Amino acid sequence: MGLLVSRVLRCRDSSLLEPQPEAIAGASYIPGSRKRKRNSLEELATSSNVHGLQNQGMYPHQVLNYIYWKRVKISSNDAYQNLFLDGHDSDIKIRALGRTWCLHKVFLCQSGYFANILKGTWRESHHGVINLIIKNEDIDTRSLHFVFGALYTDADLSITPLEVPQVLAAACLLRVDRVIQQCEGIMKETINRNTVCSYYLAAETYRLKAVKTRCFEWLLCNLMVHPSVALYKEVDLKLMYLLALSSDLLVMQKEIDVYTTLKIWMFLYLNPCWNGTMKQLLQHANNWLSTHMAYVDNISFLESEEGLIFQPVFKKLRFQHIICDLTSTTILEQDRLIPMAWLSPIYKQQWLTLLRTQEYGVIGPQVINEQELEECTMRCGTMIPKDGRYTWKWSVGRLGFPLRVTFTRQCVILRQRCQRCDGSACHNHIRNVIFRITLVCFDSNKRVTFRKTTGYKILTFEYKEEQIVMKLDSDVLTFPMCIFCNFLFVNLGNAENK
């Protein structure tokens, strides 16, 4: 009870904003009864002692202090059951969203919202009725009931993760810090594909920076590694824009797969009632797009009225790393999703870059500028299913030199491999590359359990040279494991990289 008392006594006063609800005087008796016995709480609240203390210059929260110490001690459970749930000895009513709560001023003063109202009505000896006009659609009667109840108990009331955004909205409206902190703690511990988007939106709305950051990091790690129809349906335009922009997005395979992810996300955005599996999703999205474009001439889908809103998101694709591969370029041409006005300058820029590389023997980037790298690096990744030695390459066309990646339990190795060429592109055997290697392991709940990164680095390779770029502690590795890479093979100062 001591904790409950101490919380009640910490009432806010002069720093509060003006209240929104309209205060209306109410009846001070029970309908149908001329007289009723007043209990100790009511007697204290309306006694001459209380008004005498106020006349002596005491603030409302000091009067509440006096009342609380004069009250007969009751347990936290009794207060919640008898006073809140049963409404015994209520001295104020709150009406909102078609429901009425019979509450007590001495408990409501813990809410910054109501403390501001009560300091103006404390001298009234009769009961009051406060009508709350709530325009926030996230707040419902269940969330209001939870926050009101929290004022009557020392313990944290039970709440499910899916209910947290609504409770948080109500707690922020009523300015009940303890409930806000409870919501924040639950959100940090229960981020998953069912909650991450609603948590992100709530954290952004109510300025929970740490929760927002965790949600965004979860999405960067899981959007492509653990795709889900339900998850893609929840990601809105603004959030997908930020994800597509980030170089920290963990990309499975390569940049064309980011394009594919955006394509199926767009399909679900426009067809929210579609039900099916991830295996079926791409085929249905392709069929839908093909059918739609059969009736459209001379423009791409993103130039159509229906597709305009998706342009900012698709513009964040790194097309310079897509058109260097013939298969990927063919997909872009066949889909007719991307405007040719976007692609034509990139074709030209990449062709000029190739000519410069071959003509002048360009050795590649020599300076790391992480801000510029955020929009320029090639993003790629793959899964390491179990312990062993794995070797693979990601196609980068003729703009970069051929690079082979090898993973072992002890290290990650990059090697400049031999490729067939006409001589003009291969006479310079010394090349630079900017890279970043990131290893990530997940648990069964899609949470990151291990993460290791090299950060951005520059390597200089000679012909057929291999270099160890990351050393590993075999004792801490678990499988399956994902390896993600960011590469840049050309000078950042060149216009074609932008």
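Only a predicted model underlies this, so the values are computations on that prediction, with no experimental measurement involved.
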Do Ile256 and Asp325 pass the side chain to side chain contact (heavy atoms under 4.5 Å, CB included) test, and can you show the C-alpha distance, the side-chain angles, and the key distance before you say yes or no?
-> CA-CA 9 Å; Ile256 186 62; Asp325 174 72; 6.0 Å; no
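- One N or O on the side chain of Asn287 and one on the backbone of Gln283 form a donor-acceptor pair closer than 3.5 Å.
- For the pair Val229 and Asn275, the minimum side-chain heavy-atom distance is 4.5 Å or more.
- Among the candidates Val469, Thr406, Ile468, the single residue satisfying the side chain to side chain contact (heavy atoms under 4.5 Å, CB included) test with Leu414 is Val469.
- For the side chain to side chain donor-acceptor pair (under 3.5 Å) test with Asn486, the passing option among Asp248, Thr438, Thr377 is Thr377; the others fail.
- When side chains are defined from C-beta on, Phe479 counts as touching Arg409, because their heavy atoms get closer than 4.5 Å.
- Residues Thr190 and Tyr199 have side chains that bring a donor and an acceptor to within less than 3.5 angstrom of each other.
- Judged by the 6.0 Å distance and 45° axis criteria, Arg175 is not positioned over the aromatic ring of Tyr113.
- Using modelled atom types, one finds a donor on one side chain and an acceptor on the other under 3.5 Å when comparing Asp140 with Ser143.
- By the 6.0 Å contact criterion, CZ on Arg142 is open, its count of non-hydrogen atoms from other residues, nucleotides or ligands being 12 or less.
- How far CG of Leu168 is from CD1 of Ile139: 9.5 Å, rounded to the nearest 0.5 Å.
- Taking a cutoff of 4.0 Å between a charged side-chain nitrogen and a carboxylate oxygen, Lys238 and Glu204 qualify as a salt bridge.
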Give the intermediate values and the outcome of side chain to side chain donor-acceptor pair (under 3.5 Å) for residues Thr160 and Glu163.
-> CA-CA 5 Å; Thr160 66; Glu163 293 173 321; 3.1 Å; yes
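- In this model, a donor atom of one side chain and an acceptor atom of the other lie less than 3.5 Å apart for Asn432 and Thr460.
- Here the two rings, on His226 and Phe442, have centers that are under 6.0 Å apart.
- No donor-acceptor pair closer than 3.5 Å links the side chain of Ser290 to the backbone N or O of Asn286.
- Residue-environment remark: CZ (Arg436) exceeds the threshold of 12 foreign heavy atoms within 6.0 Å.
- A salt bridge links Arg379 to Glu255: at least one charged side-chain nitrogen sits closer than 4.0 Å to a carboxylate oxygen.
- Side-chain atoms of Tyr259 and Asp335 include a donor-acceptor pair closer than 3.5 Å.
- By the 4.5 Å heavy-atom criterion applied to side chains, Leu332 and Leu337 are not counted as neighbours.
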Could you please spell out the steps behind the salt bridge (charged side-chain N to carboxylate O under 4.0 Å, His left out) verdict for Glu465 and Arg415?
-> CA-CA 6 Å; Glu465 181 183 7; Arg415 181 177 188 270; over 6 Å; no
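- Between Thr261 and Val251, every side-chain heavy-atom pair lies at or beyond the 4.5 Å cut-off.
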Identify each donor-acceptor pair in which a side-chain atom of residues 339-346 lies under 3.5 Å from a protein atom, sequence neighbours left out, and give them as a table.
{"unit_1": "Ser344", "atom_1": "OG", "unit_2": "Met340", "atom_2": "O", "d": "3.0"}

Could you list the donor-acceptor pairs under 3.5 angstrom formed between side-chain atoms of residues 304-312 and any protein atom two or more places apart in sequence or on another chain?
{"unit_1": "Ser304", "atom_1": "OG", "unit_2": "Phe301", "atom_2": "O", "d": "2.5"}
{"unit_1": "Ser304", "atom_1": "OG", "unit_2": "Gly307", "atom_2": "N", "d": "3.3"}
{"unit_1": "Gln311", "atom_1": "NE2", "unit_2": "Leu302", "atom_2": "O", "d": "2.7"}

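- By the 4.5 Å heavy-atom criterion applied to side chains, Tyr456 and Ser247 are counted as neighbours.
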Would you check, one step at a time, whether the test side chain to side chain contact (heavy atoms under 4.5 Å, CB included) holds for Leu151 with Val176?
-> CA-CA 8 Å; Leu151 302 176; Val176 182; 3.9 Å; yes
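- Test Phe107, Tyr80, Phe146 against Tyr152 for ring-ring contact (aromatic ring centres under 6.0 Å, His included) and you get one pass: Phe107.
- Note: His292 and Trp288 meet the aromatic proximity criterion, with ring centroids under 6.0 Å apart.
- Here the side chain of Lys457 pairs no donor or acceptor atom with the backbone of Ile437 at under 3.5 angstrom.
- Electrostatic pairing of Glu375 and Arg318 does not count as a salt bridge here, judged by no charged N lying under 4.0 Å from a carboxylate O.
- Taking each heavy atom of Tyr232 and Leu223 in turn, the nearest pair found is OH-O, 2.7 Å.
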How far apart are the C-alpha atoms of Ile483 and Tyr390, what are their side-chain angles, what is the distance that settles it, and do they pass the side chain to side chain contact (heavy atoms under 4.5 Å, CB included) test?
-> CA-CA 11 Å; Ile483 179 170; Tyr390 298 84; over 6 Å; no
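- Between the side chains of Glu303 and Ser300, at least one donor-acceptor pair of N or O atoms lies under 3.5 Å.
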